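In what follows, a structure is listed as structure tokens, so that the remarks can point back to it.
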2 protein chains.
Amino acid sequence: MSLAHAILVLLTDSAQSGYDLAKQFDGSVGFFWQASHQQIYRELGKLEAQQWVEVEAIAQAGRPDKKLYHVTELGKQQLINWLGQASDPSPTREALLVKMFSGNLVPRDVILQELERRRDLHAKQLAFYRSIEEQHFANPQALPIEAQFRYLTLRKGIGYEADWLAWCEEAMQLLS
Amino acid sequence: MSLAHAILVLLTDSAQSGYDLAKQFDGSVGFFWQASHQQIYRELGKLEAQQWVEVEAIAQAGRPDKKLYHVTELGKQQLINWLGQASDPSPTREALLVKMFSGNLVPRDVILQELERRRDLHAKQLAFYRSIEEQHFANPQALPIEAQFRYLTLRKGIGYEADWLAWCEEAMQLLS
DNA sequence: ACCCACATGTAATGTGTTACATGATTTT
DNA sequence: AAAATCATGTAACACATTACATGTGGGT
């Protein structure tokens, strides 16, 4: 039930097309919620049928119409209602940890190489988040409230990557 | 494709029934891979058809036969092969962070309460992991290699919960 | 000439969740 | 007497992934 709400969140921010939404899910929002363009188009269809969003067709020369989606009043109420509900931690499915569980079945190097690869991935992502932090959120206390919320999602991303990075290093050290 | 391999990992450890597997997925392994009993039974059927596992029926008085699943040689090869493959970070879908994105649509208290609730949940889980750590992994360097791998999965759990806890506290502080 | 960005979709398959179903034994 | 644990499953539905499909305009 939550892709629907994630879309509402983004459309509340600004009316946009499925294509634009897909790009956002691929970028910033993608850290905590991923969705493919196929999922998004399907969900938009449902949202429209329920009248949580409505479409404004924008004619374009040569190309198919751009469908600009707006949140309706009903949609906004649904979103606010959802925001008030409790949300439990999301289930995790982390293949690398399953592999660690049986790590002794393969040569040590196989695991160490994989840990190194993952360490680099997380280090890179962490550096990326940190650069955003420096550029846009130099003084968190001084930010307007909406920006504080955005800042906090970024902070979670930073914590997440930093934790993975630290763990990879600890694991590599213990195993070598 | 990974529930199959997670099951193989557990069956390599010890032959067991679908019911027993479900309990493990609900407990220790459940931190990094969840699966319901229905998923497990379905997957076991597929694994048997592919001859990655085989069944030993254990007759029981009054109850239906207990089906004890063993990994076959083919299954073991498939598992080892999978262990050698790279695994990318798993996609995240964290509703609370989506909510944070639009936190300004509801009164501050709604968000603060939810953060408090989550903080308590993560603190509790962290305490649980730490107690396991103290009881079973007092001296990591001295552990045999299989136990070191298990220890590392626990360490990731600890890092994960600690990061959530710290983030909840940071968020509560910034927003109040 | 080829690839990338724009813009939207259908179809098929795979994975995950929820509800329902059965029936014995053990614990409260 | 009621509830929980043992033990296995079917069925329906919801959600996610992958492949395929179409067509324009701009850059290399």
Side-chain angles (χ1 to χ4, degrees), chain A residues 1-8 11 15-27 29-30 32-50 53 55-69 82 87-95 98, chain B residues 1-8 11 15-27 29-30 32-50 53 55-69 82 87-95 98:
Chain A
M1 265 281 93
S2 268
L3 173 56
H5 297 99
I7 289 174
L8 289 179
L11 290 182
Q16 53 191 310
S17 69
Y19 187 84
D20 297 326
L21 284 167
K23 272 190 297 183
Q24 277 202 60
F25 275 99
D26 214 47
V29 191
F32 47 87
W33 204 280
Q34 295 88 66
S36 63
H37 80 275
Q38 295 85 346
Q39 272 179 282
I40 291 161
Y41 284 122
R42 185 166 30 131
E43 202 66 36
L44 282 171
K46 282 193 218 169
L47 289 174
E48 198 189 342
Q50 289 174 298
V53 301
V55 188
E56 179 190 355
I58 309 272
Q60 296 183 118
R63 298 183 187 173
D65 282 9
K66 181 176 192 139
K67 291 180 168 184
L68 206 60
Y69 288 89
W82 178 74
S87 40
D88 288 324
S90 74
T92 311
R93 289 196 176 83
E94 196 55 65
V98 176
Chain B
M1 265 281 94
S2 270
L3 173 56
H5 296 98
I7 289 173
L8 289 178
L11 291 182
Q16 53 191 312
S17 68
Y19 186 84
D20 298 327
L21 284 168
K23 271 190 297 183
Q24 278 202 58
F25 274 101
D26 215 47
V29 191
F32 47 87
W33 204 281
Q34 296 87 64
S36 63
H37 81 275
Q38 294 85 346
Q39 270 181 281
I40 291 162
Y41 284 120
R42 191 177 23 172
E43 202 67 34
L44 282 170
K46 281 193 217 170
L47 289 174
E48 198 190 342
Q50 289 175 298
V53 300
V55 187
E56 180 191 355
I58 310 273
Q60 296 184 121
R63 298 184 187 171
D65 282 8
K66 182 176 191 143
K67 292 182 168 182
L68 206 61
Y69 288 90
W82 179 73
S87 42
D88 287 325
S90 74
T92 310
R93 289 198 176 85
E94 196 56 64
V98 176

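By convention in this document, chain letters (A, B, ...) are assigned in the order of the sequence lines, proteins followed by strands, and residues within each chain are numbered from 1. In this text, all values refer to a predicted model and were calculated from it rather than measured experimentally.
Side-chain contact between B:V55 and B:L44: absent, with no pair of heavy atoms (C-beta onward) separated by less than 4.5 Å. Counting heavy atoms from C-beta on, the side chains of A:S2 and A:W33 come closer than 4.5 Å. The shortest side-chain heavy-atom distance between A:W82 and B:V98 falls under the 4.5 Å cut-off. Between B:L47 and B:L11 the shortest side-chain heavy-atom distance does not fall below 4.5 Å. A heavy-atom distance below 4.5 Å is found between the side chains of A:L8 and A:V53. A heavy-atom distance below 4.5 Å is not found between the side chains of A:F32 and A:S90.
Taking atom OH of residue B:Y19 and atom C1' of nucleotide D:dC6, one finds them 5 Å apart after rounding to whole Å. For the pair B:L3 CG and C:dT17 P, the interatomic distance rounds to 10 Å; values are reported in whole Å. Atoms OH (B:Y69) and P (D:dA7) sit 14 Å apart, rounded to a whole Å. Computed from coordinates, the A:I7 CD1 to D:dA16 P distance equals 10 Å when rounded to whole Å. Counting to the nearest Å, the C1' atom of D:dA7 and the CG atom of B:D26 are 15 Å from each other. Atom pair A:Q39:CD and C:dG16:C1' shows a separation of 13 Å (rounding to whole Å applied). Here D:dT8 presents its P atom at 11 Å from CD1 of B:I40, a figure rounded to the nearest Å. When the P atom of D:dA16 is taken as reference, atom CZ of A:F25 falls 10 Å away, rounded to whole Å.
Judged purely by distance below 3.5 Å, without hydrogens or angles, the side chains of A:Q34 and A:Q39 never pair a donor atom with an acceptor atom.
Along DNA chain D, the nucleotide nearest B:K67 and the nucleotide nearest A:Q34 are compared for position; the residue whose nucleotide lies closer to the 5' end is B:K67. Looking at which nucleotide of DNA chain C each of B:E43 and A:K23 is closest to, the 5′-most match is held by A:K23. DNA chain D is contacted by both B:Y41 and B:R93; B:Y41 maps to the nucleotide lying nearer its 5′ end (nearest heavy atom per residue).
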For the pair A:Q16 and A:I7, evaluate side-chain contact (heavy atoms from CB on, under 4.5 Å) and give the outcome as yes or no after the intermediate values. CA-CA 10 Å; A:Q16 53 191 310; A:I7 289 174; over 6 Å; no
Show your working on side-chain contact (heavy atoms from CB on, under 4.5 Å) between A:K67 and A:S17 and close with a plain yes or no. CA-CA 5 Å; A:K67 291 180 168 184; A:S17 69; 5.5 Å; no
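Axis angle, first five pairs versus last five pairs of the helix from C:dA1-D:dT28 to C:dT28-D:dA1: 40°, rounded to 10°.
Between the side chain of B:R42 and the base of C:dG14, no donor-acceptor pair under 3.5 Å is found.
Closest to the A:K46 side chain, of the nucleotides D:dT8, D:dC15, C:dT17, is D:dC15.
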Check nucleotides 18-22 of chain D against the protein and report each pair of N or O atoms closer than 3.5 Å, with its distance, or say if there are none.
{"residue": "D:dA19", "atom": "N6", "partner": "A:Q38", "partner atom": "NE2", "Å": "3.0"}

